[in-house]
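To start, the structure itself, in structure tokens.
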There are 2 protein chains.
Amino acid sequence: MSPRTHPGAAALAALAGLLADETRAGFLLALLDGRAWTAGELARHAGVAASTTSEHLGKLVAGGLLAEERQGRHRYVRLADARAAQLVEDLAAQAPPTAAPRPRTLGEAGAGSAMARGRTCYDHLAGRLGIAVTDALTGLGLLRQDTGFALTDDGLRWFGGLGVPLVRTGRRPLARACLDWTERRPHLAGVAGAALCRHALEAGWCVRIGSERALKVTDRGGRALSELLGIPEGTLR
Amino acid sequence: MSPRTHPGAAALAALAGLLADETRAGFLLALLDGRAWTAGELARHAGVAASTTSEHLGKLVAGGLLAEERQGRHRYVRLADARAAQLVEDLAAQAPPTAAPRPRTLGEAGAGSAMARGRTCYDHLAGRLGIAVTDALTGLGLLRQDTGFALTDDGLRWFGGLGVPLVRTGRRPLARACLDWTERRPHLAGVAGAALCRHALEAGWCVRIGSERALKVTDRGGRALSELLGIPEGTLR
DNA sequence: CCCAAGGTTCGGCGCACACCGAAACGTCCG
DNA sequence: CGGACGTTTCGGTGTGCGCCGAACCTTGGG
């Protein structure tokens, strides 16, 4: 008679429940750098006991958000796939009316501003760097944002010329918009975003700073971005 | 010294916490029909006391997911905006490894299959109907899915010819992919998806069934979809 | 072989919160 | 004005779960 509740409600609540704990949310945000962390690293990062971490990781793995890999006495975890990463990104972008009130120390201030300049979002570029690249691609007619979010045929050729052929694997879209939580604007994600980020790291266009997600554009990277995309050198220092 | 936790973690957890309760999740899924429900309707729908419902609605409104409108002794609530709707859609699409085990009664089975045939997703078409329209648009070169998800110039003109000019308002994209939870495939959302759904209802192409999200294609709708998009009549009965 | 270190399991503690019923508060209508 | 109805507020109850420390297991190294 009474439909009681919607069938999917329990599943939705269970999934959301995985993200509804501050410690687990902190894990997922840390893992947005796309790399694998050990359980101990995450425990120290979050400031909770190892036993607590172990239980949290168990839930996240069981829920399909994390993939784990055991190596000797280490338990490495990373985001399960691009879908899981997208979920965390989307939720994080929606959540904070811009979070951090003010950085405490100068060191943290430096780290924060480095993160704003450039960072990775799971497997693609974000921050001002990500926005600059996305805008440049759009300005050159390689990416179309006015009617949605898709590469143009010229854009496909551009990636080919870069030596990074794009192939669709599974259901992951070639191009997808990811909302930036510092710039509040969309930047390039999806297969193309991942390929570009990987190329940028392999070709030495940028290097990681510290142990987290921050990126720094190298001199060589500045020249490459200037030549290939017309981004003025020095914009991203 | 120890970074304790990521700044956005608390905000993320708080937002996810709103969706992490089965009753609240049921409310949000019901509200995905895009219309306004009264508190009492939601209470009966979920099978909880009115007082409980009142508290839940207070949290959802405070969290920015719902907008409320008071009329006399009624409290109407609806999804706050397209962003909130997208969040629920995304999460719901990710959550269930296909939910409903098997429908209980024939009546429920009928309702379930009606939902699979056609329904609304907040403000756009979903179910087999949504997929069929999206596929037809893609096949005619009006929508591009191979390199992302965007209307083509022909697609823009097609909407104009339909008498539904598309204008970008705010940050909402003209076209966006929304993952269908019955078909497990993307369908058209965003400004264009909303405009098309509104036009379909106003022009009598389809009508709502019952009090929820299910849609039925009319004879006139079948003819229109056949003429305009080449969808064979009878496909969606 | 034994010891150090990373990880897990187990009890137990305490808080947060979903739920209800009863009572109070409006609003609408006869 | 009084009664019906939708909604809210308020105690009170129960439970789920995040947390810890201690004990235990496994791996790797001296």
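In this text, all values refer to a predicted model and were calculated from it rather than measured experimentally. We name chains A, B, ... by the order of the sequence lines, and we start the count at 1 in each one.
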Indicate the atoms forming the closest heavy-atom contact of Tyr122(B) with Leu79(B), along with that distance.
CD1-CD1, 3.8 Å
Roughly how far apart are Arg128(B) CZ and Arg119(B) CZ, rounded to 0.5 Å?
10.5 Å
d([atom1], [X]; [atom2], [N]) in whole Å:
{"X": "His74(B)", "N": "dT27(C)", "atom1": "NE2", "atom2": "P", "result": "13 Å"}
{"X": "Leu42(A)", "N": "dG18(D)", "atom1": "CG", "atom2": "P", "result": "16 Å"}
{"X": "Arg70(A)", "N": "dC25(D)", "atom1": "CZ", "atom2": "P", "result": "17 Å"}
{"X": "Asp21(A)", "N": "dG16(D)", "atom1": "CG", "atom2": "P", "result": "17 Å"}
{"X": "Glu55(B)", "N": "dC20(C)", "atom1": "CD", "atom2": "P", "result": "10 Å"}
{"X": "Leu18(A)", "N": "dC17(D)", "atom1": "CG", "atom2": "P", "result": "11 Å"}
{"X": "Phe27(B)", "N": "dT7(D)", "atom1": "CZ", "atom2": "C1'", "result": "13 Å"}
{"X": "Trp37(B)", "N": "dG6(D)", "atom1": "CH2", "atom2": "P", "result": "16 Å"}

Given [N], is OP1 or OP2 found less than 4.0 Å from the side-chain N or O atoms of [X]?
{"X": "Lys59(B)", "N": "dA18(C)", "value": "yes"}
{"X": "Thr52(A)", "N": "dG18(D)", "value": "no"}
{"X": "His56(B)", "N": "dC17(C)", "value": "no"}
{"X": "Arg75(B)", "N": "dG6(D)", "value": "no"}
{"X": "Arg24(B)", "N": "dA18(C)", "value": "yes"}
{"X": "Arg44(A)", "N": "dG7(C)", "value": "no"}

Arg168(A) atom CZ, neighbour heavy-atom count above 12 within 6.0 Å
yes
From the options dC28(C), dT8(C), dC19(C), select the nucleotide whose nearest atom is closest to the side chain of Arg73(B).
dC28(C)
Using a cut-off of 4.0 Å on non-hydrogen atoms, how would the nucleic acid contact of Ala50(B) be classed: base, sugar-phosphate, or nothing?
base
Give Thr53(A) one of three labels, base, sugar-phosphate or nothing, depending on what nucleic acid heavy atoms sit under 4.0 Å from its own.
nothing
When only distance counts, do a donor and an acceptor, one from the side chain of Ser51(B) and one from the base of dG21(C), lie under 3.5 Å apart?
yes
State which residue, out of Arg172(A), Arg78(A), Arg35(A), Arg198(A), fulfils the salt bridge (charged side-chain N to carboxylate O under 4.0 Å, His left out) condition with Asp123(A).
Arg172(A)
Look at the rings of His45(B) and Trp37(B) and say which category their plane angle falls in: under 30° parallel, 30 to 60° tilted, over 60° perpendicular.
perpendicular
Could you check Gln71(A) against Tyr76(B) and say which one's nearest nucleotide on DNA chain D is further toward the 5' end?
Tyr76(B)
